[in-house]
2 protein chains.
Amino acid sequence: MAGAPYLGEMTVTNSKLDKAVEASLEAAGQRYTRARRAVVGTLAGADGPLSAGELHARMSGSVPLSSVYRTVGVLEEVGILVPHFGVKGLTRYELAEWISGHHHHLVCVECGNVDDVGIPADLEATIREVVGAIAARASFDPVGHVLEIEGRCSRCS
Amino acid sequence: MAGAPYLGEMTVTNSKLDKAVEASLEAAGQRYTRARRAVVGTLAGADGPLSAGELHARMSGSVPLSSVYRTVGVLEEVGILVPHFGVKGLTRYELAEWISGHHHHLVCVECGNVDDVGIPADLEATIREVVGAIAARASFDPVGHVLEIEGRCSRCS
DNA sequence: CCATGAATAGTAACAGTTCTCATTATCGTT
DNA sequence: AACGATAATGAGAACTGTTACTATTCATGG
């Protein structure tokens, strides 16, 4: 779980990840199969969102591409994965925040890579306040927020 | 310009929009043609980012789809448009912030619509502080930020 | 008004994603 | 443990948003 650094707010530990996922799938009448375990495990070991193609590659082709697509689809429906739409129409997935912990993204404008970053509770509280204030003005009922920081990563600057 | 409500920070007024765009194109040795005027005008009148297909439709097919793609491409290169990557691999474009003013997005999780929202300077300053603090911890050199508020819009709640 | 080069329109090619369906694996029952 | 019912998989075809190509049209400078 390289997910979010700086956190004490990790919601589900790695050893319990399987249990949590299995429970979610079971609640939806779905099975926790080999392909699904592989996808979840790969995402748990990643340090940012991955696309279907990237997942396929990281699993060295052990799960066919079409199955990866189907798998991320059901995992998303069940609430285990969350899609993240990136450059050039690439859809990347990552573990939902109730599993991986709430975090934000550092998007490198040079190399396009996306890294997760967890932030301290006080900064997070500030963001939540701002989001609430904005939403209230727009008669918008907020359920979440995404903060992406664009810039140059340490490798590119 | 339905772009960003609540702002006093509008950078370029509607009447001067053409001048600004023309100058940018000229500086890059590009012409401000009919198709390009149509795309800029349509985006200026929109209340959120539009995809190539949506632009094509809003201009009632007066500009062929392939031309829309080419046009948004050059307008992006010249710095007039900014891409916004959304659901299902759709790339939507909107006027760059130096033209439309800095703003954020209200993303409706029900209908998928994206609306622009401008925010007061004090809230914006708060966000910038938070972004700076996060980036500093991650040795990341920030050049911008995107805050998306997810929730239910007034029509869907 | 003509010549030169840019911009366009239409079509073909592409890549990521979704769909289809025959095959295989899984679970509950006997 | 074997069976039957049902879900999940694998391989490829099909679909959709996007890009590339090329002949034609348009705009600008001489």
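Note: hydrogens, waters and symmetry copies are ignored here, and every other heavy atom, side chains too, is used.
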* Asked: Does a donor on one side chain and an acceptor on the other come within less than 3.5 Å for B:H105 and B:E94?
  -> yes

* Whole angstrom value for the distance that separates P of C:dA9 from NE2 of B:H56 -> 11 Å

* Atom CG of B:L50 and atom P of D:dT18: how far apart are they, to the nearest Å? -> 13 Å

* Asked: What's the CG-C1' distance between A:L25 and D:dA8, to the nearest Å?
  -> 12 Å

* Asked: Does B:Q30 place a side-chain N or O at less than 4.0 Å from the phosphate oxygens OP1/OP2 of C:dA7?
  -> yes

* Asked: Can you find a side chain N or O atom of B:S67 that sits less than 4.0 Å from OP1 or OP2 on C:dA9?
  -> yes

* Can you check the A:L65 CG to D:dA13 P distance for me, whole Å? -> 15 Å

* Asked: Of A:V63, A:T71, A:V72, which is the lone residue that meets side-chain contact (heavy atoms from CB on, under 4.5 Å) with A:L55?
  -> A:V72

* Please report, rounded to the nearest Å, how far the P atom of D:dT16 is from the CG atom of A:L90. => 20 Å

* Roughly, in whole Å, what's the span from CD in A:E77 to C1' in D:dA8? -> 14 Å

* To do: Under 4.0 Å between any heavy atoms, over every strand shown, what does B:S51 touch: base, sugar-phosphate, or nothing? Just pick one.
  => nothing

* Output the single nucleotide from C:dT17, D:dA8, D:dA11 whose closest atom is nearest the side chain of A:R31. => D:dA8

* Check step by step if side-chain contact (heavy atoms from CB on, under 4.5 Å) holds for B:H145 and B:H102. => CA-CA 10 Å; B:H145 64 265; B:H102 179 58; 3.3 Å; yes

* Decide yes or no on side-chain contact (heavy atoms from CB on, under 4.5 Å) for B:T126 and B:D122, but give the supporting numbers first. => CA-CA 6 Å; B:T126 303; B:D122 58 327; 5.6 Å; no

* **Closest contact, heavy atoms only, A:G79 versus A:W98** => O-NE1, 2.9 Å

* Between D:dT9 and A:R70, is there an OP1 or OP2 to side-chain N/O distance shorter than 4.0 Å? -> yes

* Asked: Taking atom types as they are modelled, is there a donor-acceptor pair under 3.5 Å from the base of D:dA8 to the side chain of A:R34?
  -> no

* Asked: Expressed in angstrom and rounded to an integer, what is the separation of A:R37 atom CZ from D:dA8 atom P?
  -> 13 Å

* **Contact under 4.0 Å: A:Y69 side-chain N or O vs C:dT17 OP1/OP2** => yes

* **Interatomic distance where CG belongs to A:L55 and P belongs to C:dG16 [whole Å]** => 14 Å

* Does A:S66 get its side chain close enough to the base of D:dA11, under 3.5 Å, for a donor-acceptor pair? -> yes

* Just to confirm, is there a sub-4.0 Å distance from OP1 or OP2 of D:dT9 to any side-chain nitrogen or oxygen of A:R36? -> yes

